[in-house]
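Heavy-atom basis, side chains included; hydrogens, waters and symmetry copies ignored.
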2 protein chains.
Amino acid sequence: MVTIKQIADLCGVSRGTVDRVINERGNVKTETRNLVLNMIKKLEYQPNPAGKALSARKHNPVVGILIPAKGNPFFDDVIRGIKTAAEKYKIYGLNILLHSIRGYSTEAQLQILAKLKGKINALIINPINDPLIINKINEFVDSGVFVVTLNNDADESRRHCYVGTNYVNGGETAGALLQMITKEKANIGIIMGSSKVLGHRQRLEGFKYNINKNPDFKIVDIQENDDDDICSYDKTKEMIMHHPEINVLFIVAAGVYGACRAVLALNKQDQLTILAFDTVPTTVEMMKKHIIKAVIYQHPYRQGQRAMQLVFEYLVNGISPDKSKHIMKNEIKILENL
Amino acid sequence: MVTIKQIADLCGVSRGTVDRVINERGNVKTETRNLVLNMIKKLEYQPNPAGKALSARKHNPVVGILIPAKGNPFFDDVIRGIKTAAEKYKIYGLNILLHSIRGYSTEAQLQILAKLKGKINALIINPINDPLIINKINEFVDSGVFVVTLNNDADESRRHCYVGTNYVNGGETAGALLQMITKEKANIGIIMGSSKVLGHRQRLEGFKYNINKNPDFKIVDIQENDDDDICSYDKTKEMIMHHPEINVLFIVAAGVYGACRAVLALNKQDQLTILAFDTVPTTVEMMKKHIIKAVIYQHPYRQGQRAMQLVFEYLVNGISPDKSKHIMKNEIKILENL
DNA sequence: TTGTAGGCGTTATCAA
DNA sequence: TTGATAACGCCTACAA
């Protein structure tokens, strides 16, 4: 393990000069610069994160976090992952400014972002795909803030990293699983959050892609519940009543509890195979009651943890992420392996 | 964030004294000791891992690793996880001595352990549950070595940590999944590694527990293949020929490829639902050919990574593990979410 | 353009 | 029994 001091000694210059070369601070003669650079390459110099971390204590870096988690239990685990990681990193002087807001509103997000401006060194955000937000993200990036998009990407922006899942694959997996667990023919009713949400559309796309291969599987109806349980309850009830042939219910986003309650209200639980996403407490409850057969799980805790880890490594250890997309696998959860 | 220096100043003693108290090096008057201890408690002092890491560079800690990985592709991913993590920690001065051996032999394990004695500060081991090995593990622990058991526990020993899965639950999950994907009745043939291996016995136990709830599911035959593909091929062939009523094949350990080849040789692939463990390349191949329906996955990469992480945090950051068992979930993998 | 020196927090050695 | 000091690797302000 080579250190700056060693490089300096071997090049016959001071540590300061080597540091200037490494961190591109300028004010180094081209010759000495090249000398140092060659030595660095030759000895495969790598900065020691512990040294950096210690040195970084003087900055007290701050991470701004913006997540529309209020009223959406999926994010509870994401936030738990964030907070656990934050606690671990606190000792290094890394602090967080956590903003959990309710629902998806460009206006609200912009407001929080304005508040965070100038106060943070990194930003973790579950962004709306709105040009105004994209724009703000780019502004943060330009001002040197490290930006991680969480659970929903904004790849039109210049964010450094995305942590989340492959939504298309989530739908495909659900579709394949459904074909495994369904005896004979399936008439599928779909309840989705909103076709305005990219992730929901992609899941549906993946699901359809896999389902359409099988002539015994038909999608009978698709309704949107806006991720709201009451709306979900009404829409599901209506759907099942209008289409008594439905024997599979696929719930693509939130509102799982409302949909299940509708099934129970109609006493249809024994005639329906229900598939959903995520293991929020109410969903687990419905799995325990054998109402929901299986769900697709997107590692929410690890998503939160990973986002914080990336920020920590960048800000404190001076390590840039090795890849820009950190994708969690879509797992299949049944009651037994929750 | 309080530092040793601050504690020292507030107590009117030197940093050296505070360090002596914290690390219980003795040679401190009881009064000053209590003074310091109270201050530490009051200010909730927590050591800064970066400081420790920097200081630890002087020791150049070494991790011994002993895994019977040769000829067992399951461990390829475990080792990949170990090596990736080791690479990351190299810069901190942490080095590894990796011993990958072939097969499970107490003698061979003892030999390696003897070789490692005195050379290592931590040990990661996939141990045989033999009193001789347990004894050696305890010797290492007593001499101050941090010991992590990997993928197979030795909880009769005083090892610090176990990283692995819950085998009983793996079997239960497989059993539950099987009941979901099987139409009507199932006559199950089971190929297991060896009843001498605790993990295999536990998987079988969990599987039976779940299967026995359902009168339509019967276990027809159980054979052991000693984790060997050729043996697996022969035993499976024989089993299927002797029991033409078998319509489900459950492979509890290695030898998946051999078993599948037997099925193919008998041209039985369309009449059998096959379930197995782990996603080794040959198993994935069989999944792509639609011979194997699903497998239970035990996060091998993460197991290796986690074991190294625990060692790193202990040796370099001076952080003791928060729990003694680090259990990975049993995941269900189908072709789509591999 | 380059070098020096001090500090981040912890540990270890030596002197008192 | 205690204190002073240097070292781990990096960064930065200031001096040359």
Side-chain angles (χ1 to χ4, degrees), chain A residues 1-36 40 43-61 89-94 121 313-319, chain B residues 1-36 40 43-61 89-94 121 313-319:
Chain A
M1 298 299 88
V2 204
T3 69
I4 285 187
K5 192 172 143 51
Q6 288 169 23
I7 300 280
D9 290 349
L10 286 165
C11 291
V13 299
S14 75
R15 294 178 280 153
T17 304
V18 177
D19 178 69
R20 268 175 286 254
V21 173
I22 290 172
N23 296 327
E24 295 171 333
R25 299 188 214 286
N27 288 325
V28 181
K29 219 200 301 172
T30 319
E31 300 170 51
T32 35
R33 200 180 107 88
N34 288 335
L35 181 68
V36 170
I40 283 176
L43 301 188
E44 294 181 343
Y45 166 79
Q46 277 189 296
N48 184 323
K52 290 215 178 204
L54 218 42
S55 187
R57 275 286 325 243
K58 298 172 208 166
H59 311 321
N60 273 87
Y89 300 141
K90 210 174 178 180
I91 187 71
Y92 293 89
L94 187 67
N121 308 97
E313 290 184 344
Y314 183 84
L315 250 35
V316 177
N317 287 336
I319 298 173
Chain B
M1 300 298 87
V2 203
T3 69
I4 285 187
K5 191 171 146 52
Q6 288 169 23
I7 301 278
D9 289 349
L10 287 164
C11 291
V13 299
S14 77
R15 291 178 281 155
T17 303
V18 176
D19 179 67
R20 269 176 287 254
V21 173
I22 289 171
N23 296 325
E24 295 171 334
R25 300 188 214 285
N27 288 325
V28 181
K29 220 198 303 173
T30 319
E31 301 170 48
T32 34
R33 201 181 105 87
N34 287 336
L35 181 67
V36 170
I40 283 175
L43 301 187
E44 294 180 344
Y45 166 78
Q46 276 189 297
N48 184 323
K52 291 213 176 207
L54 216 42
S55 191
R57 274 287 325 243
K58 299 172 207 166
H59 311 322
N60 274 87
Y89 300 141
K90 208 172 177 181
I91 187 71
Y92 293 89
L94 187 67
N121 307 98
E313 289 184 347
Y314 183 84
L315 251 35
V316 177
N317 287 336
I319 298 173

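Residues A/L43 and A/L10 are in side-chain contact: their nearest non-hydrogen atoms beyond the backbone lie under 4.5 Å apart. By the 4.5 Å heavy-atom criterion applied to side chains, A/I4 and A/Y45 are counted as neighbours.
Close to D/dC8, at under 4.0 Å from its OP1 or OP2, lies no side-chain N or O of A/T3. In terms of phosphate contacts, B/T17 brings a side-chain nitrogen or oxygen within less than 4.0 Å of OP1 or OP2 of D/dG3.
B/M1 and A/K90 get closest at one heavy-atom pair: SD-O, 3.4 Å. Scanning all heavy atoms of the two residues, the minimum distance from B/R15 to B/K5 falls at CG-CA, 3.9 Å. When all heavy atoms of A/P47 and A/K52 are compared, the closest pair comes out as CB-CE, 3.5 Å.
The listed nucleotides are D/dG3, D/dC8, C/dG9; the one nearest the side chain of B/R57 is D/dC8.
Remark: C1' of D/dC10 and CD1 of A/I7 are 13 Å apart, rounded to the nearest angstrom. Rounded to a whole Å, the OH atom of A/Y92 is 15 Å from the C1' atom of D/dC10. A straight line from CG of A/L54 to P of C/dC8 spans 9 Å, rounded to a whole angstrom. Straight-line distance from the CG atom of B/L35 to the P atom of D/dT2: 10 Å, rounded to whole Å. If you measure from atom CG of A/L315 to atom P of D/dC10, you get 18 Å, rounded to the nearest angstrom. Atom NZ of A/K29 is separated from atom P of C/dT2 by 5 Å (rounded to the nearest Å). Note: CG (B/N60) to C1' (C/dT11) measures 15 Å, nearest angstrom. Between the P atom of C/dG9 and the CG atom of A/L94 lies a distance of 15 Å, rounded to the nearest Å.
Residue-to-nucleotide proximity on DNA chain D shows that, of A/N48 and B/S14, the 5′-proximal contact is made by B/S14.
A side-chain donor-acceptor contact under 3.5 Å links B/N48 to the backbone of B/A50.
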| message | With side-chain contact (heavy atoms from CB on, under 4.5 Å) as the criterion, how do B/V28 and B/V36 come out once you've worked through the C-alpha distance, each side chain's angles and the decisive distance to 0.1 Å? | response | CA-CA 10 Å; B/V28 181; B/V36 170; over 6 Å; no
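A/N27 comes within 4.0 angstrom of a base, heavy atoms only.
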| message | Within the 4.0 Å limit for protein heavy atoms, which parts of nucleotides 11-16 of chain D are touched? Write it as a string from 5' to 3', B for base, S for sugar-phosphate only, - for none. | response | BB----
